[in-house]
Amino acid sequence: MAACYQRFDPAAYLQYNYTPPRADFERKDSIVPWKLACLHRAFNEGDVTGELLVDVGSGPTLYQVLSGCEVFNKVLLTDFLEVNRQELRHWLQDEGCNLDWTPYLQHVCKLEGRRPSAWTEKAAKLRQVITDILPIDVHRPQPMALDALPSSGADCLVSCFCLESVSPDLAAFTRALGHIGRLLRPGGHLLLIGALGESYYFGGPGVKIPVVPLNEAQVCESLKESGYTLIRLEVYTLPQDMRVGVDDVTGVFFAKAKKD
């Protein structure tokens, strides 16, 4: 799997997945607003609390922590690839990056009942609470450096489109869920977003990356096997015009779970 990612292109990946039609904030059925709404609800139900949020396999994206940064005082971003960590550092240091995150920040401000112009405050808050951008390997029993987290573990993990797209098969996906669980304190929450029915995606021009095609039942079973109690599973089905040829995904799941 590591070899598949050697030619991963953050700019192309962002263009494929995080611009319209997949990121059309005027459309109720667009995939990105659906993901942001799921995360907003999960972070605002009152049970996901604590000090430290870890984003597992951030890729070159930030949307997954835009709601969480209002709940947690510390946010750690992580990724296996240095090119993705570099992309995130560019945003963090306000040096310009390959996607303008302003519409995302504005949309989440609206979800929070704030005026869209509050996006600058949200961006400042996010830069303040992101304490580091670190390497991770979800296939190692200890995915991060031992001193990366407090000994008690993180209070919450969020992970979006990571595990199924870096695992060669379902067994490896399930093992990876168990590995990242070791980063989480008992009773801590996992917010997991992933692809359903996807066998590949393009990580750049001509860079075809294999994915474990999952269904809802497999997601539920893998979570249970890996020591989580499922609180809620939501499913989004891609409209035909969202199937833009950069992958063969048919749907997306959102799971809110708690570590046993």
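Below, each value reflects all heavy atoms present in this structure, side chains not excepted, and no hydrogens, waters or symmetry copies.
Residues Leu238 and Val246 fall into different hydrophobic clusters, defined by Ile, Leu, Val, Met, Phe, Trp and Tyr side chains chained together at heavy-atom separations under 4.5 Å. Hydrophobic cluster membership differs between Ile231 and Tyr228, with clusters built from Ile, Leu, Val, Met, Phe, Trp and Tyr side chains linked at under 4.5 angstrom. Residues Leu36 and Phe253 are members of one and the same hydrophobic cluster, defined by side-chain heavy-atom contacts under 4.5 angstrom among Ile, Leu, Val, Met, Phe, Trp and Tyr. Taken together through direct or relayed side-chain contacts under 4.5 Å among Ile, Leu, Val, Met, Phe, Trp and Tyr, Ile31 and Val235 form part of one hydrophobic cluster. Side-chain heavy atoms closer than 4.5 Å link hydrophobic residues (I, L, V, M, F, W, Y) into clusters, and following such links, possibly through other members, connects Ile180 to Met1.
Here Tyr200 and Phe202 bring their ring centres to under 6.0 angstrom of each other.
Ring planes of Tyr201 and Phe8: perpendicular class, angle over 60° (limits at 30 and 60°). Between Phe43 and Phe72, the ring planes lie perpendicular to each other; the angle is over 60°, past the 30° to 60° tilted range. Using the six-membered ring where Trp is involved, Phe25 and Tyr104 have ring planes that are perpendicular, over 60° apart on the 30 and 60° scheme.
In this structure, the side chain of Tyr16 does not engage the main chain of Gly203 through any donor-acceptor pair within 3.5 Å. In this structure, the side chain of His90 does not engage the main chain of Glu95 through any donor-acceptor pair within 3.5 Å. Using modelled atom types, one side-chain atom of Ser30 and one backbone atom of Arg22 make a donor-acceptor pair closer than 3.5 Å. In this structure a side-chain-to-backbone donor-acceptor pair under 3.5 Å is present from Glu87 to Asn98. Using modelled atom types, one side-chain atom of Asp155 and one backbone atom of Leu52 make a donor-acceptor pair closer than 3.5 Å. Between the side chain of Ser159 and the main chain of Val56, a donor-acceptor pair closer than 3.5 Å is present. Arg85 contributes no side-chain N or O that, together with a main-chain N or O of Leu134, makes up a donor-acceptor pair within less than 3.5 Å. With hydrogens and angles disregarded, no donor-acceptor distance shorter than 3.5 Å links the side chain of Thr78 to the backbone of Pro135. Panel note: side chain Asp24, backbone Pro20; no donor-acceptor pair is recorded below 3.5 Å.
Here the shortest heavy-atom pairing between Val75 and Cys69 reads CG2-CA, 4.4 Å. Here the closest non-hydrogen pair linking Pro205 and Asp9 is CD-OD2, 4.1 Å. For the residue pair Ala255 and Leu223, the shortest heavy atom distance occurs at CB-CD1, 4.0 Å. Looking at every heavy atom in both residues, Arg182 comes nearest to Lys259 through CA-NZ, 4.2 Å. Closest heavy-atom contact between Leu183 and Pro143: CD2-CD, 4.1 Å. Residues Gly57 and Ile136 share a closest heavy-atom pair of N-CG2, 4.3 Å.
Arg175 CZ to His139 NE2: the interatomic distance, rounded to the nearest 0.5 Å, is 8.5 Å. In this structure, SG in Cys156 is found 7.5 Å from CG in Leu184, a value given to the nearest 0.5 Å. For the atom pair CG (Asn84) and CD1 (Ile133), the distance works out to 10.5 Å, reported to the nearest 0.5 Å. In this structure, Leu170 CG and Glu164 CD are separated by 11.5 Å, a value rounded to the nearest 0.5 Å. Here OG1 of Thr102 is found 13.5 Å from NZ of Lys122. Values are rounded to the nearest 0.5 Å. Distance check, rounded to the nearest 0.5 Å: CD of Glu198 to OG1 of Thr250 gives 8.5 Å.
Here the side chains of His179 and Arg140 are not in contact, with every heavy-atom distance at 4.5 Å or above. The side-chain heavy atoms of Pro210 and Pro168, taken from C-beta on, include no pair separated by under 4.5 Å. The side-chain heavy atoms of Leu76 and Ile130, taken from C-beta on, include no pair separated by under 4.5 Å. Looking at heavy atoms from C-beta onward, Val65 lies in side-chain contact with Leu77 at the 4.5 angstrom threshold. Proximity of Leu190 to Leu177: side-chain heavy atoms (C-beta onward) are separated by under 4.5 Å at one or more points. At least one side-chain heavy atom of Val252 sits under 4.5 Å from a side-chain heavy atom of Phe161. Contact check for Leu105 versus Leu66: side-chain heavy atoms found under the 4.5 Å cut-off. Looking at heavy atoms from C-beta onward, Trp101 lies in side-chain contact with Leu14 at the 4.5 angstrom threshold.
Defined by atom type and a distance below 3.5 Å, a donor-acceptor pair is present between the side-chain atoms of Ser199 and Asp248.
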**Request:** Test Val166 against Tyr5 for side chain to side chain contact (heavy atoms under 4.5 Å, CB included), laying out the working first.
**Result:** CA-CA 9 Å; Val166 300; Tyr5 277 90; 3.9 Å; yes
**Request:** In sequence, state the C-alpha distance, the side-chain angles, and the governing distance for Lys125 and Glu121, and then conclude on side chain to side chain contact (heavy atoms under 4.5 Å, CB included).
**Result:** CA-CA 6 Å; Lys125 176 75 179 280; Glu121 295 159 32; over 6 Å; no
**Message:** Could you go through Cys160 and Tyr63, starting from their C-alpha distance and side-chain angles, then the distance that decides it, and tell me whether this counts as side chain to side chain contact (heavy atoms under 4.5 Å, CB included)?
**Reply:** CA-CA 10 Å; Cys160 301; Tyr63 70 90; 3.4 Å; yes
**Request:** Decide yes or no on salt bridge (charged side-chain N to carboxylate O under 4.0 Å, His left out) for Arg27 and Asp241, but give the supporting numbers first.
**Result:** CA-CA 12 Å; Arg27 276 180 63 170; Asp241 69 331; 2.7 Å; yes
**Message:** Apply side chain to side chain contact (heavy atoms under 4.5 Å, CB included) to residues Val244 and Asn17 and explain how you reach the verdict.
**Reply:** CA-CA 9 Å; Val244 290; Asn17 293 288; over 6 Å; no
**Item:** Stepwise side-chain hydrogen bond (donor to acceptor under 3.5 Å, both in side chains) check, Thr61 with Gln64
**Value:** CA-CA 7 Å; Thr61 65; Gln64 59 276 23; 3.0 Å; yes
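At a threshold of 4.0 Å, the pair Asp247-Lys208 does not count as salt-bridged, since none of the basic side-chain nitrogens sits closer than that to a carboxylate oxygen.
Both tests pass for Arg127 against the ring of Trp91: distance under 6.0 Å to the centre and angle within 45° of the axis. Because its NZ or CZ atom is not both nearer than 6.0 Å to the ring centre of Phe254 and within 45° of the ring axis, Lys35 does not count as a cation-pi partner of that residue.
Residues in residues 39-57 take part in these salt bridge (Lys or Arg N to Asp or Glu O under 4.0 Å) pairs, two or more places apart or across chains: Arg41-Glu234, Glu45-Arg232, Glu45-Lys256, Asp47-Lys256.
For Gln93, the CD atom counts as densely surrounded, since its 6.0 Å shell holds more than 12 non-hydrogen atoms of other residues, nucleotides or ligands.
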